[in-house]
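Notes follow the structure.
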Amino acid sequence: MILSCIINPEKINPSLDERPNILLIAVDDLNDWIGSLKGHPQALTPNLDRLANEGMLFTNAHCQAPVCTPSRSSLMTSLYPSTTGLYFLNPDIKHSPIAKKNVLMPQRFQNEGYYVTGAGKLFHNGRGINEKYVPNYVGSYGNFGPFPEEKITHFPGHSLWDWGIFPNNETLTPDYKLATWAESILKTEMATPFWMGVGFYRPHVPQFATKEWFDLYPLDSIQLPKIITNDLDDLSKYAVNITREGHVSPKHEWVIENGQWKPLVQSYLACVSFVDAQIGRVFDALKNSAYAKNTYIVLFSDHGFHLGEKNRYAKRSLWNDGTRVPLIFWGPNISKGSSKKPVQLLDIYPTLLELAKISPDKLHEGHSLINILKGKEEKWPYHARTTFGPGNHAIISENYRYIRYNDETEEFYDNTIDPHEWENKSKDPKYQELIDQHRALLPRSEHTALGKGSTGHVSYQISESSKN
């Protein structure tokens, strides 16, 4: 479906309005398994790599919550979960007295005279949330579907946890349809600058892609993530519980016993390459349009994803595999290159306001990335913070990760010598001064957790009960 009918049909040269356009591309559950981030040696992502090579790639970018709803709420409000109380899969923004006071990013750009539209997963799916918060929202194009009549795998858990070759024709998938919609919009002349959101669904489960993408990764050639057998020995019971108990993803023991580790890695890589191709279609459509010289692209993922690292799967962890995300800025006067400064998704909103020469919002807790985008990264004094429930935080600096749980146990990793985060140095006297510096960056106050009943709530409650 092409909805150019909702756009002002007046034929105007886009250059008459010099305010920049914004193209926001969200990718669901994409970790660092893209070529330019070197998260997996076999990942084939030529379009993401092309976008990164032509723009600014942030190699140390992190989400504010390792689960969809609070991560996207944080991005769209530029507020931390500990400020809003939005920690888990529910509730909606409107149930946070603090968050609902903020003007959400799409609405702010509409208030500034932008034409705002979007499709796919921008906020979390369901209950009309995208329709409510994204003006001129087009639709989901099928969410995570289509689905086979029966699960492809024999994993007995949640219906979304399935993986394999499906469907036979990629034009049936929501991501293909989203790219087609974006192509059509970028061929339309608009009377005002636009803010446009494209929210892709893969590689979120179910990890389905057509055969051609699986053929890129023959099963017998799959390289598995590196793990060690005693990885959990230096973790607290709380840390283990909150990253495993009450979750819907398969446990590592089930994956190994059923010979599904390589198929899971293969299906994830296939989905990544598939969505990379759809991103390439949108990127090419923009570059071939009248808007190419006056549009900023921001591409991000909402959180990371484990595929066996730390003996677990999916999101919902405060380790690097759970929090690190691709983040790329592309557009006029943006320096080409990469930055390893610790940045976070709630920095996107204030950055876009400054790029569009819109006055900042004093309520925002993020910081504009403009200095880094101009090649002045030495002027970046900030850290990144990820939270999974009250009292559970990761503080990320340029070379280190500090984690403190609500039972007061800690982890500390020196990523310069331990990129896999296998050795918890929290008891090592050598690192105590650095640990103190990171500990001082914990939030001084925290909102109670709003909502109830989601996987995160359950996991948090189980972990809290294990403190004693």
Next item on the list: Check the pair H247, S459 against side-chain hydrogen bond (donor to acceptor under 3.5 Å, both in side chains), reporting the backbone distance first and the verdict last.
Entry: CA-CA 7 Å; H247 293 199; S459 177; 3.3 Å; yes
Next item on the list: Count the heavy atoms belonging to other residues, nucleotides or ligands that lie under 6.0 Å from CG of D436, then report whether that count exceeds 12.
Entry: yes
Check: Given the rule in the side chain to side chain contact (heavy atoms under 4.5 Å, CB included) test, do M76 and L24 qualify, once you have shown the distances and angles that lead to the verdict?
Finding: CA-CA 11 Å; M76 293 295 191; L24 196 72; 4.1 Å; yes
Checklist line | Separation of H364 NE2 from L79 CG (nearest 0.5 Å) | finding: 7.0 Å
Next item on the list: Identify which one of L23, I22, I279, N21 satisfies the side chain to side chain contact (heavy atoms under 4.5 Å, CB included) criterion when paired with I297.
Entry: L23
Next item on the list: Report the relative orientation of the aromatic rings in Y382 and W380; use parallel for angles under 30°, tilted for 30 to 60°, perpendicular for over 60°.
Entry: perpendicular
Margin query: Show the nearest heavy-atom pair for residues L160 and V205, with the distance to one decimal.
Written below: O-CB, 3.2 Å
Notebook entry, point to check: With no hydrogens and no angle check, do the side chains of Y405 and E410 hold a donor and an acceptor under 3.5 Å apart?
Noted result: no
Notebook entry, point to check: Without hydrogens or angle criteria, can the side chains of E398 and N60 be said to hold a donor-acceptor pair below 3.5 Å?
Noted result: no
Check: Roughly how far, to the nearest 0.5 Å, is CD of E309 from OG of S317?
Finding: 9.0 Å
Next item on the list: Please round to the nearest 0.5 Å and tell me the distance separating atom CG of L441 and atom NE2 of H393.
Entry: 12.0 Å
Notebook entry, point to check: Any side-chain heavy-atom pair from E365 and L346 closer than 4.5 angstrom?
Noted result: yes
Margin query: side-chain hydrogen bond (donor to acceptor under 3.5 Å, both in side chains) for S267 and Q207? Distances and angles first, verdict last.
Written below: CA-CA 6 Å; S267 64; Q207 289 170 190; 2.6 Å; yes
Item checked: Closest non-hydrogen atom pair, L86 against P70 -> O-CB, 3.0 Å
Next item on the list: For residues Y87 and F388, establish whether the separation of their ring centroids is below 6.0 Å.
Entry: no
Next item on the list: Check whether more than 12 heavy atoms from other residues, nucleotides or ligands sit under 6.0 Å from atom CD of E433, and answer yes or no.
Entry: no
Margin query: Does any part of the side chain of W213, heavy atoms only, come nearer than 4.5 Å to the side chain of L269, both counted from C-beta?
Written below: no
Next item on the list: Measure the shortest side-chain to side-chain distance between L355 and L373 over non-hydrogen atoms and say whether it is less than 4.5 angstrom.
Entry: yes
Next item on the list: Report the relative orientation of the aromatic rings in F194 and Y291; use parallel for angles under 30°, tilted for 30 to 60°, perpendicular for over 60°.
Entry: perpendicular
Next item on the list: Could you please spell out the steps behind the salt bridge (charged side-chain N to carboxylate O under 4.0 Å, His left out) verdict for E54 and K336?
Entry: CA-CA 6 Å; E54 295 182 19; K336 295 181 181 180; over 6 Å; no
Notebook entry, point to check: Side-chain donor-acceptor pair under 3.5 Å between H204 and K315, yes or no?
Noted result: yes
Next item on the list: Would you please indicate yes or no on a ring centroid separation below 6.0 angstrom for F88 and H457?
Entry: yes
Margin query: Check the orientation of Y114 and F109. Use parallel for under 30°, tilted for 30 to 60°, and perpendicular for over 60°.
Written below: perpendicular
Notebook entry, point to check: Under 30°, 30 to 60°, or over 60°: which ring-plane class applies to F58 and F329, parallel, tilted or perpendicular?
Noted result: perpendicular
Note to self: Could you tell me if the side chain of W319 sits less than 4.5 Å from the side chain of I403, heavy atoms only?
What the structure shows: yes
Notebook entry, point to check: Does a side-chain N-to-carboxylate-O contact under 4.0 Å join E112 and K357?
Noted result: no
Note to self: Just checking W330 against Y296, ring centres under 6.0 Å apart?
What the structure shows: no
Item checked: No-hydrogen, no-angle side-chain donor-acceptor test under 3.5 Å, S368 and E354 -> yes
Check: Under a 4.5 Å cut-off applied to non-hydrogen side-chain atoms, are R312 and R244 in contact?
Finding: yes
Checklist line | Between S426 and N424, a side-chain donor and acceptor under 3.5 Å | finding: yes
Check: Is any side-chain heavy atom of H124 closer than 4.5 Å to a side-chain heavy atom of S73?
Finding: no
Note to self: I want to check a possible cation-pi pair here: K287 against F283, using under 6.0 Å from ring centre and within 45° of the ring axis as the test.
What the structure shows: yes
Item checked: Test of ring centre spacing under 6.0 Å for Y413 and Y400 -> no
Margin query: Under 3.5 Å, is there a donor on one side chain and an acceptor on the other for D49 and T45?
Written below: yes
Next item on the list: State the OG1-CG distance between T229 and D231, to the nearest 0.5 angstrom.
Entry: 9.0 Å
Notebook entry, point to check: Should the pair K341-E377 be classified as a salt bridge under the 4.0 Å nitrogen-to-oxygen rule?
Noted result: no
Notebook entry, point to check: Would you say the side chain of P225 lies within less than 4.5 Å of the side chain of W33, judging by non-hydrogen atoms?
Noted result: yes
Margin query: Just verifying a value: how many Å separate S71 OG and D29 CG, rounded to the nearest 0.5 Å?
Written below: 10.0 Å
Margin query: With a sphere of 6.0 Å drawn around NZ of K340, does it hold more than 12 non-hydrogen atoms of other residues, nucleotides or ligands?
Written below: no
Next item on the list: Specify whether H438 and Y402 have parallel, tilted or perpendicular ring planes, treating 30° as the upper limit for parallel and 60° as the lower limit for perpendicular.
Entry: tilted
Item checked: Shortest non-hydrogen contact from T84 toward S96 -> O-OG, 2.8 Å
Checklist line | Residue pair I93 / A99: nearest heavy atoms and the distance that separates them | finding: CG2-CB, 3.9 Å
Next item on the list: Kindly indicate whether the side chain of T386, heavy atoms from C-beta on, has any atom under 4.5 Å from the side chain of P66.
Entry: yes
Margin query: Determine whether a donor-acceptor pair (N or O, by modelled atom type, separation under 3.5 Å) exists between the side chain of S74 and the backbone of Q64.
Written below: no
Next item on the list: Considering only NZ, NE, NH1 and NH2 on the basic side and carboxylate oxygens on the acidic side, decide whether D28 and K121 come within less than 4.0 Å.
Entry: yes
Check: Taking atom types as modelled, is there a side-chain donor on R50 or N47 under 3.5 Å from an acceptor on the other?
Finding: yes
Checklist line | Interatomic spacing from CZ in R385 to OG1 in T323 - rounded to 0.5 Å | finding: 13.5 Å
Margin query: Would you say N415 and N399 are linked by a side-chain donor-acceptor pair, where the criterion is simply a distance under 3.5 Å?
Written below: no
Next item on the list: Look at D407 together with K237 and state whether they make a salt bridge at an N to O cut-off of under 4.0 Å.
Entry: no
Note to self: I'd like to know whether R202 forms a salt bridge (charged side-chain N to carboxylate O under 4.0 Å, His left out) with D175, so could you lay out the CA-CA distance, the side-chain angles of the two residues, the decisive distance to 0.1 Å, and finally the verdict.
What the structure shows: CA-CA 7 Å; R202 296 295 180 263; D175 286 349; 5.5 Å; no
Checklist line | Residues Q260, Y313; criterion side chain to side chain contact (heavy atoms under 4.5 Å, CB included); working and verdict | finding: CA-CA 12 Å; Q260 290 299 302; Y313 296 81; over 6 Å; no
Next item on the list: Return the orientation label for the W161 and F155 ring planes: parallel under 30°, perpendicular over 60°, tilted otherwise.
Entry: perpendicular
Next item on the list: Report the C-alpha separation of D414 and T416 in whole Å, then their side-chain angles, then the decisive distance to 0.1 Å, and conclude whether the side-chain hydrogen bond (donor to acceptor under 3.5 Å, both in side chains) test is met.
Entry: CA-CA 5 Å; D414 182 345; T416 64; 2.4 Å; yes
Notebook entry, point to check: Taking the six-membered ring for Trp, are H252 and W261 parallel (under 30°), tilted (30 to 60°) or perpendicular (over 60°)?
Noted result: perpendicular
Note to self: Quick one, Y238 with N392, criterion side-chain hydrogen bond (donor to acceptor under 3.5 Å, both in side chains). Give me CA distance, side-chain angles, the key distance, then yes/no.
What the structure shows: CA-CA 10 Å; Y238 192 105; N392 300 319; 3.3 Å; yes
Check: Y460 and E245: side-chain donor and acceptor closer than 3.5 Å?
Finding: no
